[in-house]
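The structure appears right after this line, and notes come after that.
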Amino acid sequence: MSDFKEIKEFAVEAIDAEIEAVKRLPSFIDDEFAGAVECMFAAKGRIIITGIGKSAIIATKIVATLNSTGTPAVFMHAADAIHGDLGMIQNGDVVICISNSGDSPEIKVLVPLIRNIGDNKVVAMVGRRESTLGKLSDYVIITHVDGEACPNNLAPTSSTTAQLVMGDAIAMTLLRMRGFTSEDYAKVHPGGALGKKLYMRVGDILSTQPAPQVSTDAGIDQVIFEISSKFQGATAVIENDGSLAGIITDGDIRRMLQKSKNFNDLTARDVMSLNPKTTDKEELAVKAFNKMEQNKITQLVVMDNGKYCGMIHIHDILREGLV
């Protein structure tokens with residue numbers, strides 16, 4: 001049985017082998033790579049990605065990355081393709097075939113069939129240009145590795161890592177060519193926390209219950225009742241013309257009680273803090289959170305077209321899982 005030192009050495013050797021494989025990839029980014037990506041960008045159809053074995057698994061990941069960054073893509077298993085799935089290929093599609101050797105039986109059968117379907121282009125992502133796949137393709141993207149991280153040079157490791165990284169290079173290049181923005185990304189990632197950060201606005205979280213507010217001449221008992229009943233830890237103070245005058249937090253109330261023994265004659269105007277921190281209803285919720293953090297406060301007054309419309313508490317944002 002190996003000791004811990006040897007175990008760690010084995011792991012480092014595998015990682016180093018794959019690092020070396022990835023380091024070689026920039027030398028394969030040539031005019032043919034650029035032509036292949038330009039072809040994908042200009043395609044009237046979709047990007048179809050196919051492969052067999054471990055390369056098929058890499059193909060599914062590349063498909064997912066393309067779809068999530070603005071380039072429609074579909075996975076087609078090379079074995080299933082010759083048993084009916086070729087029907088998914090439409091005129092104008094670009095088909096990327098992934099294979100380290102480029103000479104697997106399925107690929108040898110598949111590529112000529114693809115070329116017979118309409119006006120399609122075939123892009124090879126392959127380890128050897130002189131392979132069958134390389135010779136039959138319109139564009140060749142090389143992902144050659146000197147050897148696998150596997151000590152027997154058998155298990156696809158370095159080769160599949162190189163394919164994966166090259167796929168990311170294609171996807172990120174297309175993303176930039178399309179001008180795909182963070183807002184575009186949010187549209188196709190609405191379910192996760194990342195998507196929420198990019199699209200959820202203060203107004204989406206704002207309570208539908210009446211906003212906490214008192215008039216400037218409201219008594220302290222009314223102020224305390226408003227803060228307690230609306231569960232925001234504060235209330236806005238509103239002038240007679242409807243404009244925002246200030247804010248009173250539960251902290252303001254505690255400080256008032258410490259300073260004054262007789263507060264029956266005090267009004268909201270006497271206790272309120274002027275120039276409260278505000279946010280707009282259309283502001284991204286995560287930006288509102290950042291403003292609270294920066295100012296070491298727990299709530300913000302929310303404005304809509306210059307009018308007070310509510311209050312957002314830091315707990316409202318935390319409940320949404322945005323941070």
Side-chain angles (χ1 to χ4, degrees), residues 68-69 175-176 179-216 218 220 222-239 241-260 266-323:
S68 69
T69 53
L175 177 150
R176 293 191 178 194
F180 194 82
T181 66
S182 58
E183 287 75 16
D184 296 321
Y185 192 84
K187 291 176 183 177
V188 293
H189 294 78
L194 181 58
K196 282 186 176 183
K197 285 183 180 181
L198 295 171
Y199 80 82
M200 184 166 281
R201 303 188 181 278
V202 169
D204 298 324
I205 303 176
L206 201 60
S207 173
T208 57
Q209 299 301 315
Q213 64 181 72
V214 295
S215 63
T216 54
I220 296 303
Q222 185 179 346
V223 171
I224 294 174
F225 176 80
E226 190 71 1
I227 293 175
S228 300
S229 62
K230 298 298 174 60
F231 305 106
Q232 291 293 333
T235 182
V237 182
I238 307 298
E239 296 281 10
D241 62 2
S243 61
L244 179 67
I247 187 174
I248 300 175
T249 68
D250 49 11
D252 293 327
I253 296 297
R254 288 194 299 271
R255 284 185 288 274
M256 176 205 69
L257 293 173
Q258 290 173 347
K259 292 179 180 179
S260 176
L266 296 178
T267 64
R269 186 184 296 278
D270 300 319
V271 182
M272 70 181 184
S273 298
L274 300 174
N275 303 314
K277 300 297 180 183
T278 65
T279 185
D280 192 88
K281 186 178 180 181
E282 295 303 313
E283 182 67 271
L284 287 174
V286 70
K287 289 189 176 181
F289 175 83
N290 291 337
K291 185 179 290 187
M292 292 184 208
E293 288 256 285
Q294 291 166 4
N295 290 281
K296 294 181 172 57
I297 55 178
T298 57
Q299 62 276 109
L300 289 171
V301 172
V302 182
M303 308 297 286
D304 184 16
N305 292 320
K307 297 291 184 180
Y308 170 67
C309 67
M311 197 169 292
I312 186 169
H313 196 279
I314 195 168
H315 289 159
D316 299 327
I317 299 175
L318 292 174
R319 274 194 296 270
E320 293 295 333
L322 293 177
V323 291

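This chain uses plain numbering: 1 for the first residue, then up along the sequence.
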Give me the atom names and distance for the closest heavy-atom approach of Ala268 to Val223. CB-CG2, 4.0 Å
Atom CG in Asn290, atom CD in Glu293: separation rounded to 0.5 Å? 7.0 Å
How would you list, by chain and number, every residue that makes a side chain to side chain contact (heavy atoms under 4.5 Å, CB included) with Arg319, sequence neighbours excluded? His315, Asp316
Apply side chain to side chain contact (heavy atoms under 4.5 Å, CB included) to Leu244 and Val301, showing your working. CA-CA 9 Å; Leu244 179 67; Val301 172; 3.8 Å; yes
Return the set of residues passing side chain to side chain contact (heavy atoms under 4.5 Å, CB included) with Asp241 (not counting sequence neighbours), or none when no residue passes. Glu239, Ser243
Holding to salt bridge (Lys or Arg N to Asp or Glu O under 4.0 Å), I want the full list of residues that pass it with Asp252, two or more places apart in sequence or in another chain. Arg255
Closest non-hydrogen contact found for Ile247 with Pro276 is CG2-CB, 3.5 Å
Which heavy atom of Met303 sits nearest to which heavy atom of Cys309, and what is that distance? C-SG, 4.0 Å
Considering only heavy atoms from C-beta outward, does the side chain of Ile317 approach that of Met292 to under 4.5 Å? yes
d(Thr279 OG1, Leu284 CG) to nearest 0.5 Å is 9.0 Å
Which pair of non-hydrogen atoms, one from Met311 and one from Ala234, has the smallest distance, and what is that distance? SD-CB, 3.6 Å
Would you please name every residue forming a side chain to side chain contact (heavy atoms under 4.5 Å, CB included) with Leu175, sequence neighbours left out? Thr69, Met172, Phe180
Once you round to the nearest 0.5 Å, how far does CD of Gln294 lie from CZ of Phe289? 10.5 Å
Which pairs of donor and acceptor atoms, one on a side chain in residues 201-216, lie under 3.5 Å apart (sequence neighbours left out)?
from   : atom 1 : to     : atom 2 : distance (Å)
Arg201 : NH1    : Glu282 : O      : 2.8
Asp204 : OD2    : Arg201 : N      : 2.8
Ser207 : OG     : Gln209 : N      : 3.0
Ser215 : OG     : Asp217 : OD1    : 2.6
Thr216 : OG1    : Arg269 : NH2    : 3.2

Side chain to side chain contact (heavy atoms under 4.5 Å, CB included) filter on Asn295, not counting sequence neighbours, yields Lys277, Lys291, Ile297
Could you report the tightest heavy-atom contact between Gln222 and Ala218, atom names first, then the distance? OE1-CB, 3.5 Å
The reported gap from CD in Gln232 to CG in Leu300 (rounded to nearest 0.5 angstrom) is 10.5 Å
Heavy-atom side-chain contact between Tyr308 and Thr278 under 4.5 Å: no
Taking the side chain as every heavy atom from C-beta outward, state whether Gln299 and Thr249 have any atom pair closer than 4.5 Å. yes
